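So the structure is just underneath, and the comments pick up after that.
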Amino acid sequence: MALITKIRKNFWFVLILLGLALAAFILMDVSGNQAISAQGGNPTMGTVNGEKIGYRDYQMAESSYFRNSGGDAFAKRNSIWNFFVEKALVETEAKNLGISVPKDELIDLQFGANPSPIVTSNWRNPQTGQLDIAQLNEIKTAIENDEMNPEFRAYWAQQENQIIKSQLESKISNLVSKAMYTPAWMAESSFKADNEKIDFRYVKIPFDGINETVELTDADFQSYITKNKHLYTSEEETRNVEYAVYNVIPSKADSTELYNSLNVLKSDFSKDNTVEQDSIFAVTNGGALPAVYFKKDQLPEPTKNRILSMTAGDVFGPYEDN
């Protein structure tokens, strides 16, 4: 009651404090948005080996690497972060060793007779399960004629980064493996150590067979600690960190905006049946192309009965599923 009375007596002072706090919050939010804008909408998520990792680059890598897969979101994001860590380290070692992936080699890994496993995984024909050569040729033509839209170009650039990293890792691995040599004497010694048999006798004295009681004093503990200081010291200073987690949940306005944008895409997709390359249309607009067929029980609940009654050329949706 005393506190409430004080607040009533100093109402205008409290109101001013609240106003200042609100103004500070707004300024902080504005400065944060300006900082993101200053970075071109690609704020830095972290630094690996001196190389800054942008948020947009991270998102594009996630879309490219897991375009046709489900699974645990946290595990996938952790995998993408590990990809950037490995990429920075591999590129540094490759540069020191004079190893690179020339442009003609990169093109061959994307469109040649022996494409990268990343390409064969991302561009399978959903009907045959084999690499979709026709679709890759269309993409190659679009690249050569500079007809790729910015989103698909960014996606393809991320895929190229993955191919380059994989190829550099392969070259470094081959360099190391072919540089290793095991002399005959070492192989013989290792074989002998693994296979030689020895007969010996031993006596076992179990702890529970000792009747004596051992009492430790403070001096015993101090002596042990003195002799094993390295077990209780750390060269690096440590910190305890507390953090907060904010769940990002879309508002009704967000859902409505997304629904409307999907309806626009649906109209472009189905209008006069002019969209011949439906898979490229889906990928370039943030979608995905599963490389497998589905049984009725495997389809999302809202679509099961409707899809089975559709004919070629029909378009269903948008619909909400979780």
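Every heavy atom of this structure was used, including side-chain atoms; hydrogens, water molecules and symmetry mates were not. Bear in mind the structure is a predicted one, so any value in this text is a computation, not a measurement.
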Would you kindly say whether Trp123 and Gln159 are connected by a side-chain donor-acceptor distance under 3.5 Å? yes
For the CG atom on Asp218, are there more than 12 heavy atoms of other groups (residues, nucleotides or ligands in this structure) within a distance under 6.0 Å? no
For Glu237, is there an ion pair with Arg239 - N to carboxylate O distance below 4.0 angstrom? yes
Decide if atom CD of Glu144 counts as having more than 12 heavy atoms of other residues, nucleotides or ligands within a radius under 6.0 Å. yes
Pairing of Arg153 and Asp146 as salt bridge, 4.0 angstrom limit: yes
Are Asn82 and Ser79 close enough that a side-chain donor and a side-chain acceptor fall under 3.5 Å? no
Is a side-chain donor or acceptor of Ser173 paired with a backbone partner of Glu169 at a separation under 3.5 angstrom? no
Please check if atom NZ in Lys266 has more than 12 non-hydrogen atoms from other residues, nucleotides or ligands closer than 6.0 Å. yes
Rounded distance [0.5 Å steps], CZ in Phe84 versus OG1 in Thr47: 12.5 Å
Could you tell me the separation between the CG atom of Leu265 and the OG1 atom of Thr284, rounded to the nearest 0.5 Å? 9.0 Å
So, the side chain of Thr141 versus the backbone of Asn137: is there a donor-acceptor pair under 3.5 Å, distance only? yes
Whether over 12 other heavy atoms sit under 6.0 Å from Asn114 CG: no
Strictly distance-based, threshold 3.5 Å: is any side-chain N or O of Thr226 a donor or acceptor partner for the main-chain N or O of Gln222? yes
Whether the side chain of Ser190 engages the backbone of Ala187 through a donor-acceptor N/O pair (distance < 3.5 Å, no angle test) should be reported. no
Under 3.5 Å, is there a donor-acceptor pair between the side chain of Thr92 and the main chain of Ala88? yes
Determine whether a donor-acceptor pair (N or O, by modelled atom type, separation under 3.5 Å) exists between the side chain of Ser116 and the backbone of Ile118. yes
Taking atom types as modelled and ignoring hydrogens, do the side chains of Asp254 and Ser251 form a donor-acceptor contact shorter than 3.5 angstrom? yes
Any donor-acceptor pair under 3.5 Å linking the side chain of Thr120 with the backbone of Pro117? yes
Does Asp220 reach the main-chain N or O of Leu216 with its side chain, forming a donor-acceptor pair under 3.5 Å? no
Can we say Glu51 and Lys87 salt-bridge, meaning some charged N sits less than 4.0 Å from an Asp/Glu carboxylate O? yes
How long is the straight-line distance from OG of Ser100 back to CG of Leu168, given to the nearest 0.5 Å? 7.5 Å
Donor-acceptor pair, side chain of Asp194 and main chain of Phe191, under 3.5 angstrom: no
Taking only Lys NZ, Arg NE, NH1 and NH2, and the carboxylate oxygens of Asp or Glu, determine whether Glu105 and Lys171 approach each other closer than 4.0 Å. yes
Does Glu257 CD have over 12 foreign heavy atoms under 6.0 Å away? no
Measuring centre to centre across the rings, with the benzene-like ring taken for any Trp, is Tyr224 within less than 6.0 Å of Phe221? no
Hey, is the main chain of Phe83 close enough, under 3.5 Å, to the side chain of Glu86 for a donor-acceptor pair? no
To the closest 0.5 Å, what do you measure between CG (Asp108) and CD (Gln167)? 9.5 Å
Would one find more than 12 heavy atoms of other residues, nucleotides or ligands at under 6.0 Å from atom NZ of Lys304? yes
Hey, what do you get for CD1 (Ile139) to CH2 (Trp156), rounding to the nearest 0.5 Å? 4.5 Å
